[in-house]
Each structure stands twice: as C-alpha cells, then as structure tokens.
Amino acid sequence: MTEPRRSDKSCSTVHTCRVGRLCVYLLVFLAGCNVQSPYDRFYVSAGIRERTAYQLGQAAKPGQFSLPEGVSLDDGLTEDEAVAIALWNNARLQADLTALGFARADLIEAHMLPNPVFSLLFPVGPKLLEADLEWPVDVLWQRPHRIAAAELDAKSVAENLIADGLGLVRDVQTTYWQLWSARQRVRLAEENNQLQAQIANIVRGQLRAGDISASEVQAAFLHLLKTADALKRSSNEAELLEQQLNSLLGAASENVTLDLSVDEGTPESVGPKEELLKTAFAARPDLRAAELAIEAAGKRLGWERSKVYNLIAIIDAKDEGEDSLTVGPGLAAEIPVFNQNNGNIARAAAELEQATRQYEALRQKIILQVQQARSQYTAARETFDLWTSEIIPSLQEKVEQTRRSYEAGDVLRTSVLEARRELVQAKMHQTDLAADLHRSAAELNYCVGKSAL
C-alpha cells in the first residue's frame, strides 16, 4: 500500500510551525541574557582590601553618612578609622564607582543578539502575500570578540577604581597627619606666645629700671606680635585642614568635630629599590588596567576584522494561492569589493598600538614614582631621626643648663625663657617633620600599590 501523499497545505503548515518554534527559541535565548558582571563593587573592595586591609562599604543613598562597624567618633579618630570612614562615605569615590554600572551595561550589550527583521508585503492586484524573516548570522563569529573586549574593558574599569581607592587612602592619611601637625603647632605656638609675653613684661620692667634701652623693648614687643600672628595662622591652617579631612571622610555636611587619637609611632625602614619596583609591577592596579587595555584593543581588532564578511539568513514565505504557502531558506551576503572595513580595522590597530605605548609610559612613570617616593621617605626618615635623637635632646639639655645657671645667679631669667622658646620652636619643626615622614610613607605605599611600610 502506498503512503498517502501530504497535501501542499499540510506541508506549509509544518514549515510554519518550524519557523514559529525557531522564533520562540530565539526569544527565549534573548530573554535569558541577564548578564552579571564579576567586576562589581565587591571586586573593587576585595582589591583594595588585598592591598591595604581596608574595604568599601555597602552602597548608600547620596548624602547618607554612616560609620563602619566598630568605628566610633566618641573615643577619638585614629588613622585607620579615618581611612575606613572615607572608603565608606567619600562622595567622589562613590560617584566614580557608578562607572561599574556603565561597564556592566556595555557587557550586557555585547552579549545581546540582534533582533530578527520580519517583512510582510501585502497582496495588491495580482501580487500575492509575501513575508520574509531576516537575521544577521555574522554575529555568530563576531559576538565572541565583542564579548571578550567588553569583559576586558569592565575589568579595566574595576582596576582603575581600585587605583582611585588607593589614592583616597593616601589622601586621607596625608591630610590626617597634616591636621595633627597643625594642631600640635597651635599648641606650641600658644606656648611660644606666652613665653614671649613673659619676656616682653620682663624687658619692660628692665626699661623702667634703666637697665636696657627702649629699642630693646621695642624689639621684644615686635617678637610678641610675630608670635601672635604665627598662632593665628596656625589656628587658621588647622581649621582648613579639619574641613578638608571632613570632606575626604564624606562628613562635610555633618559638621563633625574631629578629635584625633594619634599613635605617634613612626613607620619602619624601607626595603631596597629593586624589591619595591618588583612589588609595584605586580600590585599597581592602574598598570594592570593598562595591560587589560592592550588585551581589549586586540580583541576589538579581531572583531573589526571579522566584520569583513556580513551574512544575513533569510526565511522567505510566499502565498502561492489556493491556500498554498511555500516557505524556503535563503542567504544574503555583502560582497566586500569596495569596503572591507579598512577604516575601522586601521583605527583598531592604532588603538592597540596606543594602548601598548601607554602601558610602557605608565611603567616608566611607576619606576620614577617609586624611586622618588623612596628617596623622599629616606630623606624624611633621616631628618626626623636627627632632630628626634640629636637636636631636640640637645636643646632640652640647654634649657636645663640655663635654668641651673639662673638659679645660681649667673644669667637673667630672660635667658631661661629664650632657651625655652628655642626648644618650643624646634618642637614645632619636629612636628612638621613627623607629618612629612608619614606623608612620604603614604605616598610610597601608593606608588608601590600596597602597604610597604
């Protein structure tokens, strides 16, 4: 017995069902493209924590200020607490972190497939109904290059944000110690002003007794005015630095009074230059971002080269009349005779060369930064040690000897006050040296890309 022959109508129905299933599968695939970028806020926080032991907080609403767990401003603000608060609340850093959303959006777009184009030509006159479904199949070999480039770009953005976080750590540490130094200078300037006031009173009495001339009194009162001016300038500087630190902490609108709780210990000795450079090449996130930029440029070059041949798959359906519908596949190809995407390929090649040269420029910049930061730290360390171990003790001994001479009646009381003033001024310089030592340590850690001291 011969098998019954299918009618043209049933065949067209089968073809139509297959086309429908293909469309459904395609829509399901597109709907499932909910891409999650691994280079998110947690990735940035982990990168900062790996290098500094600090981390980011949860994303908060704009203008919302919060303290990390275990941090309180009531018992004084330590350097570590200041950095932790800044990483949670600094407005500039929070704004920069929004770049992760743009990078994720680009990654989602790279995963997307182009929508099929459905054309329907209506029957007019003797012409019958005709329909086409077109879909660019060249995306199948272009898409991997596009996704790879987008992933590398997203990772590069995250690495640069880690570098921004390290820069914020350095700025907070530097400003913290500058504020501490300014407040110490205010305290010492007050003491210096009081000592000069005592000297001015003594020389005024000596003038009445006829022991000195009026010019000596005038010189003493001029010194008093200078010490008063120095006290005022130190107070203004401390106020400005407190405002700057509040801004870095993200507490500018909170009007927080910062009571510093300082550990006056000094950083350790620095390692050899070669070891620091080796660490910097491995740890600097901006150098890693430059490496990723080279890889991404290479992927984009491959992507542009894959665009030379563009193909479009076609499913054509025609009404043949008498309830008959024919469906057949087709293919449309762009013939690369006049345009072989030469311009975009040349641009991608230039971007690759640019990324390579920028990487080398950054590498040389890091070498210079590490060398200079190490030299500055070494010089600051030596100067601070000299003043702490030699000059300050010598001046303290001078004050004690002058006091004993005064008690023995060998010198006037003004000599004791002058010796004390000299010691106070030396301590003011010592606080500046201590702040400079911590500043140079923070700069060296930033240049190396992680805590090296």
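Everything numeric here is computed off the predicted structure, so don't read it as measured data.
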Which atom names give the shortest non-hydrogen contact between [X] and [Y], and what distance separates them?
{"X": "Arg170", "Y": "Ala442", "value": "CG-O, 3.9 Å"}
{"X": "Leu100", "Y": "Tyr39", "value": "CD2-O, 3.3 Å"}
{"X": "Thr388", "Y": "Pro393", "value": "O-CD, 3.3 Å"}
{"X": "Leu352", "Y": "Ile294", "value": "CD1-O, 3.5 Å"}
{"X": "Ala158", "Y": "Val44", "value": "O-CG2, 3.8 Å"}
{"X": "Phe65", "Y": "Ala251", "value": "CE1-CB, 3.6 Å"}

Could you check whether any side-chain N or O of [X] sits under 3.5 Å from a backbone N or O of [Y], counting only pairs where one atom can act as donor and the other as acceptor?
{"X": "Asp96", "Y": "Leu161", "result": "no"}
{"X": "Thr98", "Y": "Ala95", "result": "yes"}
{"X": "Arg143", "Y": "His111", "result": "yes"}
{"X": "Tyr176", "Y": "Leu77", "result": "yes"}
{"X": "Thr378", "Y": "Arg374", "result": "yes"}
{"X": "Ser375", "Y": "Gln371", "result": "yes"}
{"X": "Gln184", "Y": "Met428", "result": "no"}
{"X": "His429", "Y": "Gln425", "result": "no"}
{"X": "Ser37", "Y": "Asp40", "result": "no"}
{"X": "Thr227", "Y": "Asn193", "result": "no"}

Distance in Å, [X] [atom1] paired with [Y] [atom2], rounded so as to fall on 0.5 Å steps:
{"X": "Leu260", "Y": "Arg183", "atom1": "CG", "atom2": "CZ", "answer": "4.5 Å"}
{"X": "Asp436", "Y": "His438", "atom1": "CG", "atom2": "NE2", "answer": "10.5 Å"}
{"X": "Leu73", "Y": "Ser261", "atom1": "CG", "atom2": "OG", "answer": "11.5 Å"}
{"X": "Leu277", "Y": "Lys273", "atom1": "CG", "atom2": "NZ", "answer": "7.0 Å"}
{"X": "Arg403", "Y": "Arg420", "atom1": "CZ", "atom2": "CZ", "answer": "11.0 Å"}
{"X": "Leu179", "Y": "Thr174", "atom1": "CG", "atom2": "OG1", "answer": "12.5 Å"}

Within the 4.5 Å heavy-atom criterion, are [X] and [Y] side-chain neighbours or not?
{"X": "Asp286", "Y": "Asn160", "result": "yes"}
{"X": "Leu412", "Y": "Ile202", "result": "no"}
{"X": "Glu190", "Y": "Leu231", "result": "yes"}
{"X": "Leu437", "Y": "Arg381", "result": "yes"}
{"X": "Leu395", "Y": "Glu422", "result": "yes"}
{"X": "Leu276", "Y": "Leu444", "result": "yes"}
{"X": "Tyr43", "Y": "Glu159", "result": "yes"}
{"X": "Arg51", "Y": "Ile162", "result": "yes"}

* To do: Could you please spell out the steps behind the side chain to side chain contact (heavy atoms under 4.5 Å, CB included) verdict for Arg185 and Asp432?
  => CA-CA 8 Å; Arg185 287 181 63 86; Asp432 291 339; 2.7 Å; yes
* Report the C-alpha distance between Ile199 and His223 in whole Å, list the side-chain angles of each, state the deciding distance to 0.1 Å, and finish with yes or no for side chain to side chain contact (heavy atoms under 4.5 Å, CB included). => CA-CA 10 Å; Ile199 293 174; His223 281 303; over 6 Å; no
* Take Glu400 and Arg404 through the salt bridge (Lys or Arg N to Asp or Glu O under 4.0 Å) test and state the conclusion after the steps. => CA-CA 6 Å; Glu400 185 62 25; Arg404 288 196 295 266; 3.6 Å; yes
Does the pair [X]/[Y] count as a salt bridge with the N-to-O cut at 4.0 Å?
{"X": "Glu418", "Y": "Arg421", "value": "yes"}
{"X": "Lys278", "Y": "Glu274", "value": "no"}
{"X": "Glu151", "Y": "Lys155", "value": "no"}
{"X": "Glu351", "Y": "Lys299", "value": "no"}
{"X": "Arg92", "Y": "Asp164", "value": "no"}
{"X": "Asp229", "Y": "Lys226", "value": "no"}

Count the heavy atoms belonging to other residues, nucleotides or ligands that lie under 6.0 Å from [atom1] of [X], then report whether that count exceeds 12.
{"X": "Phe281", "atom1": "CZ", "answer": "yes"}
{"X": "Phe118", "atom1": "CZ", "answer": "yes"}
{"X": "Glu397", "atom1": "CD", "answer": "yes"}
{"X": "Gln58", "atom1": "CD", "answer": "no"}

* To do: Determine, stepwise, if the pair Leu258 / Leu249 fulfils side chain to side chain contact (heavy atoms under 4.5 Å, CB included).
  => CA-CA 11 Å; Leu258 301 176; Leu249 299 184; 4.1 Å; yes
* Asked: Are Arg233 and Asn236 close enough, and set up right, to give a side chain to side chain donor-acceptor pair (under 3.5 Å), and what steps lead you there?
  -> CA-CA 5 Å; Arg233 286 187 286 106; Asn236 290 337; over 6 Å; no
* **Gln194 versus Gln198, side-chain donor and acceptor atoms under 3.5 Å** => no
* Between the side chains of Arg347 and Asn344, does any donor sit under 3.5 Å from an acceptor? -> no
* Start with the C-alpha gap between Asp153 and Arg300, add the side-chain angles, then the distance that decides, and say whether salt bridge (Lys or Arg N to Asp or Glu O under 4.0 Å) holds. => CA-CA 11 Å; Asp153 284 338; Arg300 279 191 290 272; 2.8 Å; yes
* Qualifying residue, where the test is side-chain contact (heavy atoms from CB on, under 4.5 Å) with Ser66 and the options are Val71, Asn89, Ile85 ->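 Per the side-chain contact (heavy atoms from CB on, under 4.5 Å) rule, the option paired with Ser66 is Asn89, out of Val71, Asn89, Ile85.
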* **Test applied, side-chain hydrogen bond (donor to acceptor under 3.5 Å, both in side chains); reference residue, Glu360; option that passes from Gln358, Arg363, Gln364** => Gln364
* Does NZ or CZ of Arg284 lie under 6.0 Å from the centre of the six-membered ring of Tyr446, at an angle within 45° of the ring axis? ->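 Relative to the ring axis of Tyr446, which defines the angle, Arg284 lies inside both limits.
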* Asked: Which is it for Leu248 and Asn90 under the side chain to side chain contact (heavy atoms under 4.5 Å, CB included) test, yes or no, and what are the steps along the way?
  -> CA-CA 6 Å; Leu248 289 172; Asn90 181 266; 4.3 Å; yes
